[in-house]
Amino acid sequence: MAQDQIKALIGMNDILPGQTQIWRYLEEQVKATLDGFGYQEIRMPIVEETRLFKRSIGEVTDIVEKEMYTFERSERSLTLRPEGTASCVRACEEHQLIANNQRQRLWYMGPMFRYERPQKGRYRQFHQIGVETFGMATPDIDAELIIMTHQLWQRLNIRDKVTLQLNTLGSNEARAKYKAALVEFLSGVKDQLDEDSQRRLDTNPLRILDSKNQQTQALLNEAPDFYDYLDDESKEHFETLRALLDAVGVEYEINPRLVRGLDYYSKTVFEWVTTELGAQGTVCAGGRYDGLVEQLGGKPTPAVGFAMGIERLILMLEALNVIPDEVTNYLDVYQVSMGNVTTPAMQLATQLREAIPSLRLQMHLGGGNFKKQMKKANESGARFALILGEDEVAAGKASIKDLRESGEQITLEQGQIATWLAEQLY
């Protein structure tokens with residue numbers, strides 16, 4: 001009796017050839033943008049002590065209560081990381097990168113894990129690009145992060161499809177005062193709130209502000225105004241940030257109900273949103289978390305960062321059809337051989353790869369007649385077919401056929417091929 005086929009877990013997906021080229025393209029654009037601003041990469045493990053996330057994210061958040069992959073090992077509680085900020089802070093503290101309030105501009109990329117209902121663009125294993133900065137309390141670093149994402153959207157040709165939403169949560173003290181006023185107001189209309197908001201009233205009341213329930217949103221129109229509870233320093237911080245964005249031409253909308261889902265945010269919060277992804281419209285989000293380092297046992301350290309989901313960005317690039325052809329057409333040359341020419345064919349391919357290090361050349365291996373080989377060449381998406389037969393080998397030549405445009409075929413001396421390809425491709 002045949003055994004059942006083993007398949008990937010629900011919400012944990014394989015990324016197959018064809019898709020990986022698009023992932024690499026996005027990752028390369030992100031890295032180029034971050035390099036341009038002088039940010040350095042950091043890599044953290046995907047498994048951490050559970051208490052790291054309980055202390056940073058908050059024990060009464062949905063992530064900690066419902067969504068973490070937690071298991072016991074050697075009498076220790078361990079968790080697959082649900083987000084990257086806490087891990088980055090832990091690494092910086094452990095290795096004394098911010099021990100004396102040193103300034104750091106860091107970024108990371110990799111998988112995160114949350115047990116939630118899989119939906120388009122949101123999976124149980126998902127991938128994030130995160131940026132974290134430490135040691136800078138002034139709003140200019142907040143502005144730099146937003147400007148950096150703005151430039152990334154320009155690189156990806158999606159700038160006109162995303163909108164920046166901006167808000168401030170004020171200092172921890174201002175946030176606490178507002179939270180108390182909001183709870184007092186909502187307690188008076190608790191029976192009119194949706195079920196999720198009623199639960200959050202006792203656990204994480206600020207999250208009610210971004211409820212998607214229309215009746216709850218209507219009630220919030222009468223709620224206290226966050227801005228009325230801001231201290232002067234928080235107001236000045238926010239106004240300076242806005243002035244900096246205005247000065248460089250980054251447009252934004254003020255969203256007074258933008259709070260972000262984690263407990264550690266204060267002052268600046270922002271999201272880049274789109275209408276191209278349906279209900280899951282946030283493609284990048286972040287803010288300031290000046291109290292988190294101290295909350296995790298370090299010295300008081302100002303910090304601000306953001307994260308973006310790779311899956312959602314790729315969905316958006318595909319929906320908008322802005323992925324360059326050379327990304328999906330991953331070959332420049334498909335080499336076809338006729339007759340007993342395996343050795344000279346490999347010699348020629350090696351010479352061309354050495355002469356043009358960036359050349360994407362694939363040899364047809366494993367046999368097959370000429371017609372089938374040319375069919376493979378056409379299906380490969382390569383720009384050119386490089387054809388080598390016994391007659392060409394004897395003459396020291398090879399033929400090249402344009403597979404995409406003219407369809408013309410020419411014959412060149414083998415010593416001329418590298419120069420000719422370089423001129424055509426680059």
Side-chain angles (χ1 to χ4, degrees), residues 2 5-8 13-29 127 156-157 310-311 313-315 317-426:
Q5 182 181 9
I6 299 174
K7 296 184 178 181
N13 302 328
D14 300 306
I15 305 167
L16 303 178
Q19 276 289 302
T20 51
Q21 290 129 248
I22 301 172
W23 280 63
R24 287 177 58 184
Y25 163 71
L26 173 59
E27 291 164 1
E28 287 163 3
Q29 298 305 310
H127 297 76
L156 296 173
N157 294 315
I310 296 179
E311 284 88 350
L313 278 172
I314 287 175
L315 282 175
L317 296 179
E318 291 176 329
L320 295 173
N321 196 30
V322 292
I323 301 166
D325 289 342
E326 59 266 23
V327 173
T328 50
N329 295 329
Y330 67 98
L331 287 179
D332 298 317
V333 177
Y334 192 96
Q335 184 170 315
V336 172
S337 301
M338 296 180 293
N340 186 24
V341 296
T342 301
T343 297
M346 283 200 166
Q347 289 174 328
L348 177 58
T350 300
Q351 292 166 7
L352 293 175
R353 290 177 179 132
E354 290 177 349
I356 314 174
S358 59
L359 182 67
R360 301 173 299 176
L361 181 151
Q362 185 176 94
M363 292 183 66
H364 183 94
L365 303 174
N369 61 41
F370 178 70
K371 185 176 180 180
K372 289 182 178 179
Q373 290 188 48
M374 287 304 296
K375 181 180 179 182
K376 289 286 187 183
N378 281 297
E379 292 172 348
S380 74
R383 171 76 184 279
F384 299 108
L386 177 62
I387 303 167
L388 191 66
E390 293 176 349
D391 291 343
E392 284 87 356
V393 170
K397 298 181 179 181
S399 297
I400 301 175
K401 182 175 182 178
D402 190 325
L403 296 174
R404 291 198 212 161
E405 297 177 6
S406 66
E408 293 181 358
Q409 182 170 318
I410 63 171
T411 300
L412 296 174
E413 300 285 342
Q414 290 188 17
Q416 300 174 333
I417 293 174
T419 301
W420 187 90
L421 284 174
E423 290 175 351
Q424 299 299 313
L425 294 170
Y426 311 111

At what distance, to the nearest 0.5 angstrom, does [atom1] of [X] lie from [atom2] of [Y]?
| X | Y | atom1 | atom2 | answer |
| --- | --- | --- | --- | --- |
| Leu317 | Gln29 | CG | CD | 9.5 Å |
| Ile400 | Gln335 | CD1 | CD | 10.0 Å |
| Leu365 | Thr342 | CG | OG1 | 8.0 Å |
| Ile417 | Leu412 | CD1 | CG | 6.0 Å |
| Ile387 | Tyr334 | CD1 | OH | 12.0 Å |
| Ser337 | His364 | OG | NE2 | 8.5 Å |

Any side-chain heavy-atom pair of [X] and [Y] under 4.5 Å:
| X | Y | value |
| --- | --- | --- |
| Ile22 | Gln19 | yes |
| Met338 | Asp391 | no |
| Tyr330 | Gln362 | yes |
| Leu361 | Ile356 | no |
| Arg383 | Asn329 | no |
| Tyr25 | Leu156 | yes |

Is atom CZ of Arg24 surrounded by more than 12 heavy atoms (other residues, nucleotides or ligands) closer than 6.0 Å?
-> no
Within a radius of less than 6.0 Å around CG of Asn340, do more than 12 heavy atoms belonging to other residues, nucleotides or ligands occur?
-> no
What pair of heavy atoms forms the shortest contact from [X] to [Y], and how long is it?
| X | Y | answer |
| --- | --- | --- |
| Ala377 | Ser380 | O-OG, 2.7 Å |
| Leu386 | Ala398 | CD1-CB, 3.9 Å |
| Leu388 | Lys397 | CD1-O, 3.3 Å |
| Leu421 | Phe384 | CD2-CD1, 3.9 Å |
| Arg404 | Ala382 | NE-O, 3.6 Å |
| Glu413 | Ala395 | OE1-O, 4.2 Å |

Side-chain ([X]) to main-chain ([Y]) donor-acceptor, under 3.5 angstrom:
| X | Y | value |
| --- | --- | --- |
| Gln414 | Leu348 | no |
| Glu408 | Asp402 | no |
| Asp332 | Arg360 | yes |
| Glu311 | His127 | yes |
| Asp14 | Leu16 | no |

Between Leu403 and Met374, does a side-chain contact (heavy atoms from CB on, under 4.5 Å) hold up when you go through it step by step?
-> CA-CA 10 Å; Leu403 296 174; Met374 287 304 296; 4.3 Å; yes
Quickly, which of Met346, Gln347, Glu392, Glu390 forms a side-chain contact (heavy atoms from CB on, under 4.5 Å) with Val341? Name it, please.
-> Glu390
